[in-house]
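When reading the values below, keep in mind they use all heavy atoms of this one structure, side chains included, and skip hydrogens, waters and symmetry mates. Remember, predicted model here, so these are calculated numbers, not experimental data.
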Amino acid sequence: MLLLSGGLDSATTGAIARAEGYQLYAMSFRYGQRHAVELERATAVAAWLGVARHQVVTIDLRAFGGSALTDGIAVPKDRDAAAIAAATGAGAVPVTYVPARNTIFLSYALGWAEVLGARDVFVGANALDYSGYPDCRPAFLQAFERTANLGTKAGAEALAATGEPWFRIRAPLVDLSKAEIIRRGTALGLDYALTLSCYDPAPDGAACGACDSCRLRARGFREAGVADPTPYQAGAVRA
């Protein structure tokens, strides 16, 4: 089971899972995000991965708002690496954090995984080159894995029968830098032109080049020594 946003990290996670021999079922979300064009990229990545099924779930997190991605809050732009680090340091959480998003997404993926009889749920969470989101940290992923095994029929039965957990939350990128992630995906043949990372893209999917996600992505390609295939909006300045 793969949580697939259409972004760089989830696509690389899918490539890793495929290389490990998994038959993939991918789940994406139309949740009211301003960058919903990412779903087109998720569909393209799912096709490249050869997933058995790609499920797009529609939920409306705009009902709660509270994020620059789901509410009328401006997406921060034109911050350099130092400014991004300062804005996300000491426990600060940026306005692009979507309240409880990974908890919600993982819960949906867990439900489908249980129906399918799948054990492994892959997620592209990253705790190194990330934007300060608390639901991308190893402690959260470990806690969710415990919850998954305690709160499901499959998990409870496995614990009772063997004492071993059934579900595993797999986050193979959690300790990698963006450059390391890009090198790993490139080695696996992943075409990053299929992916979208921008928080505020144009309607045609062209990246703004100025949001934190674009900046981190561009820096990753530069540090990895890999050509950046991202289509940018006219006049965009790459970090």
Run the side-chain contact (heavy atoms from CB on, under 4.5 Å) check on E223 and S177 step by step: do they pass? CA-CA 10 Å; E223 292 178 352; S177 70; 5.6 Å; no

Under the side-chain hydrogen bond (donor to acceptor under 3.5 Å, both in side chains) rule, what do R34 and T70 come out as? Steps first, then yes or no, please. CA-CA 6 Å; R34 67 168 69 214; T70 58; over 6 Å; no

Please test C136 against N102 for side-chain contact (heavy atoms from CB on, under 4.5 Å), starting from the C-alpha separation and ending with a verdict. CA-CA 8 Å; C136 287; N102 278 355; 3.9 Å; yes

Pair D120-M1, side-chain contact (heavy atoms from CB on, under 4.5 Å): steps then yes or no: CA-CA 6 Å; D120 294 85; M1 171 66 62; over 6 Å; no

Does the pair Y192 and T12 meet the rule for a side-chain hydrogen bond (donor to acceptor under 3.5 Å, both in side chains), with working shown? CA-CA 9 Å; Y192 283 111; T12 305; 2.7 Å; yes

For F29 and L61: C-alpha separation, side-chain torsions, deciding distance, then whether side-chain contact (heavy atoms from CB on, under 4.5 Å) applies. CA-CA 10 Å; F29 291 87; L61 298 186; over 6 Å; no

Kindly determine whether S197 and S213 satisfy side-chain hydrogen bond (donor to acceptor under 3.5 Å, both in side chains), including the steps that lead there. CA-CA 6 Å; S197 300; S213 187; 4.6 Å; no

Would K77 and D212 satisfy salt bridge (charged side-chain N to carboxylate O under 4.0 Å, His left out), going step by step from the backbone distance to the final call? CA-CA 7 Å; K77 293 186 177 180; D212 292 355; over 6 Å; no

Would R217 and T195 count as a side-chain hydrogen bond (donor to acceptor under 3.5 Å, both in side chains) if you check the C-alpha gap in whole Å, the side-chain angles of each, and the deciding distance to 0.1 Å? CA-CA 11 Å; R217 176 182 170 115; T195 68; 3.0 Å; yes

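Rounding to the nearest 0.5 angstrom, the gap separating the CZ atom in F144 from the CG atom in N149 is 10.0 Å. Taking CG of L8 as the reference point, atom CD1 of I181 lies at 6.5 Å (rounded to 0.5 Å). Annotation: the span from Y25 atom OH to L2 atom CG amounts to 13.5 Å, rounded to 0.5 Å. Atoms OG1 and CH2, from T162 and W166 in turn, are 9.5 Å apart once rounded to the nearest 0.5 Å. T13 OG1 to R18 CZ: the interatomic distance, rounded to the nearest 0.5 Å, is 13.5 Å. One distance of note links CZ of F122 with CD1 of I16; it measures 8.5 Å at 0.5 Å rounding.
Using a 4.5 Å heavy-atom threshold, the side chains of P134 and V93 count as touching. With a 4.5 Å cut-off on side-chain heavy atoms, H54 and T43 count as touching. Taking the side chain as every heavy atom from C-beta outward, V123 and R170 never approach each other to under 4.5 Å. Within the 4.5 Å cutoff, side-chain heavy atoms of P99 are placed close to those of S67. In this structure, F167 and T152 have side chains that are in contact, with non-hydrogen atoms separated by less than 4.5 Å. Annotation: side chain of V174 is not in contact with side chain of N126 (no heavy-atom distance under 4.5 Å).
With D228 contributing its side chain and T230 its backbone, the two residues share a donor-acceptor pair below 3.5 Å. With hydrogens and angles disregarded, no donor-acceptor distance shorter than 3.5 Å links the side chain of R219 to the backbone of L216. Under the 3.5 Å distance criterion, the side-chain polar atoms of Q233 are matched with a main-chain donor or acceptor of A206. Checking side-chain atoms of E114 against main-chain N and O of K153 turns up a donor-acceptor pair under 3.5 Å. A side-chain donor-acceptor contact under 3.5 Å links E145 to the backbone of I169. A donor-acceptor contact shorter than 3.5 Å is absent between the side chain of D200 and the backbone of C208. At least one donor-acceptor pair closer than 3.5 Å links the side chain of S10 to the backbone N or O of S5.
Taking hydrophobic clusters as Ile, Leu, Val, Met, Phe, Trp and Tyr residues chained together by side-chain heavy-atom distances below 4.5 Å, V56 does not share a cluster with L116. With hydrophobic clusters built from ILVMFWY side chains whose heavy atoms lie under 4.5 angstrom apart, L24 shares a cluster with L190. Using a 4.5 Å cut-off between side-chain heavy atoms of Ile, Leu, Val, Met, Phe, Trp and Tyr, with links allowed through other members, L159 and V121 fall into different hydrophobic clusters. Put simply, V57 and L110 are part of the same group of oily side chains (I, L, V, M, F, W, Y) that touch within less than 4.5 Å, one to the next. Hydrophobic clustering of Ile, Leu, Val, Met, Phe, Trp and Tyr side chains at less than 4.5 Å, counting indirect connections, unites F64 with V98.
One finds a salt bridge joining K178 and D9 here, because a Lys/Arg side-chain nitrogen approaches an Asp/Glu carboxylate oxygen to under 4.0 Å.
A pairwise comparison of heavy atoms in F105 and L3 identifies O-CD2, 3.8 Å as the closest pair. Shortest non-hydrogen contact noted between L141 and A171 is CD1-CB, 3.6 Å. Here the shortest heavy-atom pairing between R119 and P165 reads NH2-O, 3.0 Å. The shortest heavy-atom contact between R215 and G209 is NE-O, 3.3 Å. Considering every non-hydrogen atom in both C198 and P201, the closest pair reads SG-N, 3.4 Å. The minimum heavy-atom distance between A193 and P229, with the atom names listed, is N-CG, 3.6 Å.
Between the side chains of T96 and Y133, at least one donor-acceptor pair of N or O atoms lies under 3.5 Å.
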